[in-house]
Amino acid sequence: MASMLHLPIVVEGVEDESQEKFVQGLGYRYTQGFYYYKPLPIPKFEELLSDHRRIDTQGIVYKQVEPMHIREFIDSNFVSDSMLNNVLGPVVFFEVQSGKIKVTRVNEQYFQMIGAEHFKEDIQKEFLARIPAEERSQFNEMLENSFLNPVSGADGMLHLLRTETDKLTVYIKVFYMQEKEDWRQYYCSLMDMTKIL
């Protein structure tokens, strides 16, 4: 299957010349094992790699993709409505100050997730009102963890209230973006897990 997909294959565990010839006979170019080298100390390994004649890079392709920085999402010129509504999944941007959470932007998929009948509701509504009271401290902890870990953010499972009696089970991933005028700004992606769990 990997050959049909044109994926490079490394066959591991080659320990002697007969195994190496067998694997090469099957058409696999890259092999690894004690036949070539046993584990080496780092300085010896670096010395080995410094000799470019010993390294075969034929067929290895490295595609460099420019990373996207979450700060770019703050710029409304960068994020089109189409992108925000159709590509990212349910998304909420909000600001936090002294425990108060103010929603600044959501997309259509967020409204679809909580129910189309809520589409015309004021998005400035306190976001915590959608989280059951007993889970709000967990959400606040996620916010603090994402602030302390801006690269990896924070995540967890919570419930979101669609109505007073109907709630969704949601996987939430939160990233701290920046602080502006004493408000911490966050990006939050959501995934409805209600039907899966």
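Basis for what follows: all heavy atoms, side chains included, without hydrogens, waters or symmetry-related copies. We're numbering straight along the sequence, starting at 1.
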Subject >> Stepwise side-chain contact (heavy atoms from CB on, under 4.5 Å) check, L143 with F94 >> reply: CA-CA 11 Å; L143 293 178; F94 52 86; 3.6 Å; yes
**OP:** Just do the side-chain contact (heavy atoms from CB on, under 4.5 Å) check on E179 and Q97 with the steps written out, would you?
**Re:** CA-CA 10 Å; E179 190 158 336; Q97 183 187 58; over 6 Å; no
Original post:
How far apart are the C-alpha atoms of R162 and L168, what are their side-chain angles, what is the distance that settles it, and do they pass the side-chain contact (heavy atoms from CB on, under 4.5 Å) test?
Top reply: CA-CA 7 Å; R162 293 177 74 181; L168 302 170; 3.4 Å; yes
**OP:** List the steps, then state whether side-chain contact (heavy atoms from CB on, under 4.5 Å) holds for T104 with Q185.
**Re:** CA-CA 9 Å; T104 56; Q185 297 179 335; over 6 Å; no
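In this structure, Q138 CD and M142 CE are separated by 7.0 Å, a value rounded to the nearest 0.5 Å. Note that CD of E95 is 9.0 Å distant from CD of Q178, once rounded to the nearest 0.5 Å. In this structure, NZ in K173 is found 12.5 Å from CG in L190, a value given to the nearest 0.5 Å. Expressed to the nearest 0.5 Å, how far OG of S146 lies from OH of Y187 amounts to 12.5 Å. Expressed to the nearest 0.5 Å, how far CG of L158 lies from CZ of R136 amounts to 11.5 Å.
Cluster annotation: F175 is not connected to V151 through the hydrophobic network of ILVMFWY side chains, with a link wherever side-chain heavy atoms come within less than 4.5 Å. Under the 4.5 Å side-chain contact rule for hydrophobic residues, V174 and V103 share a cluster. Grouping the Ile, Leu, Val, Met, Phe, Trp and Tyr side chains by contacts below 4.5 angstrom, directly or via other members, places I101 apart from W183. A chain of hydrophobic side-chain contacts below 4.5 Å, direct or via other Ile, Leu, Val, Met, Phe, Trp or Tyr residues, connects L49 to Y36. No chain of hydrophobic side-chain contacts below 4.5 Å, direct or via other Ile, Leu, Val, Met, Phe, Trp or Tyr residues, connects L161 to M157.
Not counting sequence neighbours, E141 has no partner by the salt bridge (Lys or Arg N to Asp or Glu O under 4.0 Å) test. Take D16 and apply the salt bridge (Lys or Arg N to Asp or Glu O under 4.0 Å) test, not counting sequence neighbours, and it matches no residue. Residues that satisfy the side chain to side chain contact (heavy atoms under 4.5 Å, CB included) test with L40, not counting sequence neighbours, are Y37, K44, F45, L48. The salt bridge (Lys or Arg N to Asp or Glu O under 4.0 Å) search around D51 returns R53, R54, not counting sequence neighbours. Partners of E17 by salt bridge (Lys or Arg N to Asp or Glu O under 4.0 Å), not counting sequence neighbours, listed by chain and number: K21.
Applying side chain to side chain contact (heavy atoms under 4.5 Å, CB included) to L160 and the options V170, D166, T194 leaves one that passes, V170.
Pairs engaging residues 141-169 under the ring pair (Phe, Tyr, Trp, His ring centres under 6.0 Å) rule: F147-Y176 [sequence neighbours left out].
In this structure, M177 and F93 approach most closely via the heavy-atom pair CE-CD2, 3.7 Å. A pairwise comparison of heavy atoms in V91 and Y110 identifies O-CB, 3.8 Å as the closest pair.
Around CD1 of I42, the count of heavy atoms belonging to other residues, nucleotides or ligands within 6.0 Å does not exceed 12.
Here the side chains of I172 and C188 are in contact, with some heavy-atom distance below 4.5 Å.
A salt bridge does not link E135 with R130: every distance from a Lys NZ or Arg NE/NH1/NH2 to an Asp or Glu carboxylate oxygen is 4.0 Å or more.
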